[in-house]
Amino acid sequence: MAVIQEVARTRGAARERRKGDGKAAALFLAPWFVGLVLVTAFPLVASLYLSFTDYSLLEAPGWIGLENYTAMFSDPRFFQALKVTFTYVLVSVPLQLAAALALAMVLDKGLRGLAFYRSVYYLPSLLGGSVAIAILWRQVFGADGLVNQVLGFFGIEGVGWVSHPDYALGTLMILNVWTFGAPMIIFLAGLRQIPAMYYEAASIDGAGRWRRFRSITVPLLTPIIFFNLVLQLIGAFQSFTQAFIVSGGTGGPVDSTLFYTLYLYEKGFSSYQMGYASAMAWFLLLVVAGMTAVNFLASKFWVFYDD
Amino acid sequence: MTDAPARTEPRPESHPAGPRPTLSEVAATYPERRPPRGRAWAAVRRVLRHVALIAFGLVMLYPLLWMLASSFKPTELIFREPGLIPTEWDFGNYTDGWNALLDPFSHYLLNSAIVVLGSVLGNLVSCSMAAYAFARLKFRGRNLWFAIMLMSIMLPIHVIIVPQYILFSSLSWINTFLPLIVPKLLATDAFFVFLMVQFFRGIPKDLDEAARLDGCGHGRIFLRIMLPLSLPALATTAIFTFIWTWNDFFSQLIFLTKPDMYTVPIALRTFVDATSNSSWGPLFAMSIVSLIPVFLVFLFGQKYLVKGIATTGIK
Amino acid sequence: MRVTATRAARRRGVALTALTAAGALALTACSGDSGALPSDDDGGGDGNVEIRFAWWGSDDRHKTTQQIIDLFEEKNPGITVVPDYTDWDGYWDKLATATAGGDTPDVITQEERYLSDYASRGVIGEMTGVDTSEIPADILSTGEVDGKLVGIPTGVNAYAMVADPQIFADAGVEMPDDTTWTWDEYVDIAGKISKGAGDGVWGAQDYGFNEAGLNVLARQKGETLYNADGTLGVSKETVAEFFQTSLDLMANGGQPDASRSVEYQNAGPEGSLLGTNAGAMGVWWSNQLGALSDASGHELELLRLPGESEFERTGMYFKPAMYYSISAKTEHPEESAKLVDFLLNDPEVAKLQLTDRGLPANLTVREAILPELAAADQKVADFMAALEPDIVDNPAVPPNGANEIQDIMIRINTEVLFERMTPDEAADAFLKDVGAAIGG
């Protein structure tokens with residue numbers, strides 16, 4: 001530790017010497033910048049432009065000003081989509097992160113065959129977009145599926161978990177937790193980044209498991225927790241595949257799983273109102289960007305960086 | 001939230017500062033600190049943990065097992081007898097599925113492999129470079145550029161795809177793998193840039209400060225310090241890029257129009273059609289086949305997830 | 001200096017991007033004259049013409065269609081046909097995107113709910129140079145939008161009742177006389193089967209998710225789902241009555257509970273009540289009889305829908321299974337027409353695809369393949385032949401926006417099944433939502 005503290009003292013001096021790394025940054029960022037200009041920027045700008053047009057995809061777009069935006073705010077299904085999406089984001093993101101972190105801790109080390117368990121637990125996440133998945137869900141959550149068979153064993157009569165308007169969204173949230181594989185892997189990688197000597201030292205000092213978790217794991221993992229939070233949030237707002245597959249693309253039963261992007265997709269590709277869909281997309285961008293900004297501001301108070 | 005802990009907190013003040021204890025020294029302290037009955041109890045607990053992990057795994061895997069079982073049933077029995085153990089074994093789904101489309105299924109596996117390998121390579125190189133700049137370099141407008149980068153993943157693909165198509169079409173890239181690979185070479189996958197930024201920031205800055213004092217340039221710090229120390233992040237990037245590209249359906253559907261160029265997800269979709277007969281048996285069989293490479297990549301790739309600082313030591 | 005350079009670059013970048021954006025959109029806006037395939041640079045020069053043919057379907061159709069293409073290329077040297085296929089859902093996303101990008105395929109497979117959308121926006125043009133003399137006029141006219149022939153029907157299907165005689169027998173219920181049975185009798189029979197056949201077997205699968213059934217009922221009552229001018233032609237009473245039948249069936253146990261109905265609706269033919277031997281009746285398109293029979297392992301029968309002699313007239317009709325259309329912007333209209341002509345009229349083509357694109361609309365060709373049909377398809381052909389004299393007319397092409405009705409039907413029918421809407425409220429909602437979809 002003394003060594004590190006010593007180095008830390010010299011850090012200030014080093015930082016002063018370095019006024020800026022513009023040249024190096026330009027080099028390191030060159031591919032990204034080319035990509036931004038050539039690949040990313042055009043669709044971004046184009047979709048913004050399209051949000052002010054009447055665009056059927058089949059014909060050239062025509063400028064209609066703010067009409068899409070005003071139409072959006074008097075569309076009851078738009079608000080239904082917002083409601084569904086916010087409910088989903090607020091419940092499932094924290095749940096999934098908690099499950100992923102807990103499992104990452106269990107699967108981190110200290111047991112034979114962990115590599116195998118990790119792979120097995122990751123498998124469901126691999127299935128996410130497969131065409132077969134709707135059928136598979138029915139086997140588990142259908143009126144005659146696995147869940148209800150188990151419940152029936154205990155004398156409880158189940159419902160159609162994905163086909164009943166009151167339960168479908170909740171079931172989707174559970175499905176999302178079930179595919180916690182990706183954040184789990186990122187947590188695992190993060191855990192591996194924590195120098196073992198911290199734990200060794202803490203053990204020697206007699207710190208218990210819980211204390212080690214609170215005082216070493218969590219603080220040193222905060223950048224990764226933060227990353228997962230930000231990206232799961234961005235991702236959850238754009239949730240599409242699960243609902244699309246489970247509801248056969250309709251957002252049903254009766255719009256109970258009408259996710260924002262599902263509605264947007266429906267507008268763009270089956271109602272041929274790509275202008276409206278683009279307006280929805282940009283509204284979403286503003287919302288998500290706002291939440292992400294808040295997230296970044298808040299991160300100053302709880303995320304612990306080494307720099 | 002929790003208070004940001006001081007860097008020294010993990011090691012309480014009471015501990016005498018000194019050279020880092022070696023692993024064997026640490027290990028040597030353990031037996032003395034355990035009660036005599038501990039060993040037996042630990043064995044029991046280990047067994048219990050395995051039992052719990054296996055039970056949980058079975059629940060997780062039920063749909064997958066169901067798919068596996070169904071891939072061995074004749075198509076017409078899949079829904080009539082949905083149990084886990086087939087009453088009638090039919091391996092024909094695998095041969096039928098392999099040859100059901102215009103090219104043998106290996107053709108689509110190969111196409112997917114090309115796209116995936118290009119994407120993995122592209123993401124590893126370009127995202128880590130961009131991440132180094134964002135994590136370690138000081139330059140004008142860094143936060144603004146970073147925000148712009150994050151913004152690019154906040155728009156749903158469904159509104160992006162049409163302008164993208166127009167763009168790639170004007171470059172005559174439709175029906176080639178270029179629209180799928182080139183963007184990856186240009187660090188457009190902000191997810192991974194951000195991921196690596198977070199990992200790079202987790203590496204003690206003292207290391208590269210020291211290297212700088214020794215006269216290392218950014219290129220060498222990047223190659224010699226950052227990359228080796230963030231092996232878990234690189235492995236994560238490689239594995240996720242592999243899996244996500246392997247499974248990505250929409251952009252491959254839109255950008256590849258010739259059946260010769262089709263990749264696995266598109267090929268799989270051609271087994272089922274809402275308006276006519278669907279070959280569920282071959283579909284499940286080929287879905288299993290297409291899961292194998294991903295599973296293997298994961299199984300073998302994840303050992304690199306484990307090779308972090310923790311095992312290589314800090315220097 | 002470094003800073004200013006970056007700034008300048010950034011400004012240039014933004015300007016460039018904006019320029020490209022405007023340019024590319026302008027490009028699509030006037031893509032009417034380009035419509036170029038990315039790969040047909042060689043077109044014309046050496047006499048070799050490349051045309052792209054797009055269709056949807058599953059593996060069987062892709063294989064036979066490729067054989068048909070090979071045959072065409074053999075008979076027409078100098079024309080190369082590039083296949084472009086995917087499943088139903090992916091097909092429309094891909095077609096719309098390609099159209100937006102100015103890469104419309106030359107020969108496009110169409111469906112009635114999309115035909116008007118594509119025709120009225122000038123994506124598909126008037127069909128010329130295709131011999132349609134063998135196709136009955138009333139079938140051919142279902143491909144007309146605004147008086148122009150924009151799609152030629154490949155074959156026809158009928159929306160009919162599929163029944164499983166074995167389950168009828170197990171339940172001790174007689175098969176009905178389908179020329180006289182009424183909707184009430186249908187409800188009654190379904191209820192009896194559910195009682196007689198035991199647990200887990202029902203009389204009928206819910207029919208309310210598909211608007212075709214509503215159209216038949218409307219036509220029986222002298223109305224129609226869409227008028228020829230593209231407005232709604234069905235009354236509120238008829239829509240309410242349509243939904244009421246589902247409620248009656250749930251009340252007497254003739255069909256499963258709401259949750260199961262939603263699940264079976266999502267399960268396709270293979271996972272349906274009939275396909276899994278869990279029900280005696282279901283309403284399907286006639287060409288799905290083969291898939292249903294294979295899945296169930298039973299010999300299924302086709303019946304006419306109830307009510308054909310109950311009201312003013314018969315309601316059943318022939319629906320074109322799909323259409324062949326040609327891009328209005330194709331560079332090779334002649335070669336494209338040649339391909340369509342070949343697909344419709346060549347006897348060898350018919351022998352390869354049989355009823356895969358519906359019972360062939362070309363009567364000579366239909367005659368020629370009859371002996372080659374599998375048992376289920378044979379039944380379809382017989383059923384259609386018997387039905388034909390009783391069909392009054394065929395509905396006009398549905399208006400723009402008609403493809404949205406699929407989702408609207410599913411949504412409103414689910415509301416009814418879960419009793420969150422009365423049939424009356426559902427009828428109001430239906431008229432309002434469909435009206436908005438086809439009006440906008």
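Here the structure is a predicted model, which means the values were calculated and not measured. Throughout, protein chains are lettered first and strands after them, A, B, ... in sequence-line order, and every chain is numbered starting at 1.
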I'd like to know whether B:N143 forms a side chain to side chain contact (heavy atoms under 4.5 Å, CB included) with A:F296, so could you lay out the CA-CA distance, the side-chain angles of the two residues, the decisive distance to 0.1 Å, and finally the verdict. CA-CA 11 Å; B:N143 291 339; A:F296 267 88; over 6 Å; no
Under 30°, 30 to 60°, or over 60°: which ring-plane class applies to B:F194 and A:F226, parallel, tilted or perpendicular? perpendicular
So which of B:L186, B:V125, B:I153, B:T188 has the biggest tally of heavy-atom pairs under 4.5 Å with chain A? B:L186
With distance as the sole test, does B:Q198 use its side chain to make a donor-acceptor pair with the main-chain N or O of A:P223 at under 3.5 Å? yes
Would you say that B:V159 contacts A:L50 through its side chain, given a criterion of any heavy-atom pair below 4.5 Å between the two side chains? no
Derivation and outcome, side chain to side chain contact (heavy atoms under 4.5 Å, CB included), residues B:I239 and A:I185: CA-CA 10 Å; B:I239 291 174; A:I185 295 303; 5.7 Å; no
With side chain to side chain contact (heavy atoms under 4.5 Å, CB included) as the test, would you mind laying out the steps for A:L146 and B:W66 before giving the verdict? CA-CA 11 Å; A:L146 181 72; B:W66 189 85; over 6 Å; no
Contacting moiety of A:Q238, where chain B heavy atoms sit under 4.5 Å: side chain
Please classify the contact between A:L27 and chain B as side chain, backbone, both or neither, with a heavy-atom cut-off of under 4.5 Å. backbone
Give me the atom names and distance for the closest heavy-atom approach of B:W244 to A:A182. CZ2-CB, 4.2 Å
Cut-off 4.5 Å, heavy atoms of chain A, and the answer for B:S230 is both
Max heavy-atom pairs within cutoff under 4.5 Å with chain A, candidates B:W246, B:F79, B:Y165, goes to B:F79
So for A:S51, is it side chain, backbone, both, or neither that comes closer than 4.5 Å to the heavy atoms of chain B? neither
For residues B:M151 and A:L285, determine if any side-chain heavy atom of one lies less than 4.5 Å from a side-chain heavy atom of the other. yes
Identify which of A:L231, A:V288, A:D144, A:V39 forms the greatest number of heavy-atom pairs closer than 4.5 Å to chain B. A:L231
Applying the side-chain contact (heavy atoms from CB on, under 4.5 Å) test to A:L29, which of B:Y132, B:F139, B:W145 qualifies? B:F139
Between B:F56, B:F222, B:F134, B:F199, which shows the greatest number of heavy-atom pairs under 4.5 Å with chain A? B:F199
Of the listed A:Y260, A:F237, A:W282, the one with the largest count of heavy-atom pairs under 4.5 Å with chain B is A:W282
Whether B:F191 and A:F227 hold their rings parallel, tilted or perpendicular, with breakpoints at 30° and 60°: perpendicular
Do you know which of A:I186, A:V34, A:L221 has the most heavy-atom pairs under 4.5 Å to chain B? A:I186
Between the side chain of B:R49 and the main-chain N/O of A:V106, is any donor-acceptor distance below 3.5 Å? yes
Among A:L264, A:L107, A:N228, which has the most heavy-atom pairs under 4.5 Å with chain B? A:L264
Closest approach of B:S152 to A:T40 (non-hydrogen atoms, all atoms of both residues): CB-CG2, 3.3 Å
Can you give me the closest heavy-atom contact between B:F295 and A:V120, atom names plus distance? CE1-N, 4.5 Å
With only heavy atoms counted, which part of A:I234 is less than 4.5 Å from chain B, the side chain, the backbone, both or neither? side chain
If I compare all heavy atoms of B:P63 with all of A:V140, which pair ends up nearest, and what's the gap? CG-CG2, 3.7 Å
Would you please test B:F250 and A:T241 for side chain to side chain contact (heavy atoms under 4.5 Å, CB included) and show each step? CA-CA 10 Å; B:F250 200 61; A:T241 313; over 6 Å; no
From OH (A:Y265) to CD1 (B:I157), nearest 0.5 Å: 12.0 Å
Over all heavy atoms of both residues, which pair between A:W32 and B:A130 is shortest? Give the atoms and the distance, please. CB-CB, 4.0 Å
B:F200-A:Y305 aromatic ring centre distance below 6.0 Å: no
How are the rings of A:F269 and B:H158 set to each other: parallel, tilted or perpendicular (split at 30° and 60°)? perpendicular
Taking every heavy atom of A:P43 against every heavy atom of B:I160, the minimum-distance pair comes out as CB-CG2, 3.8 Å
Note: vs chain A, highest number of non-hydrogen pairs under 4.5 angstrom among B:S126, B:P156, B:A133, B:S70 is B:P156
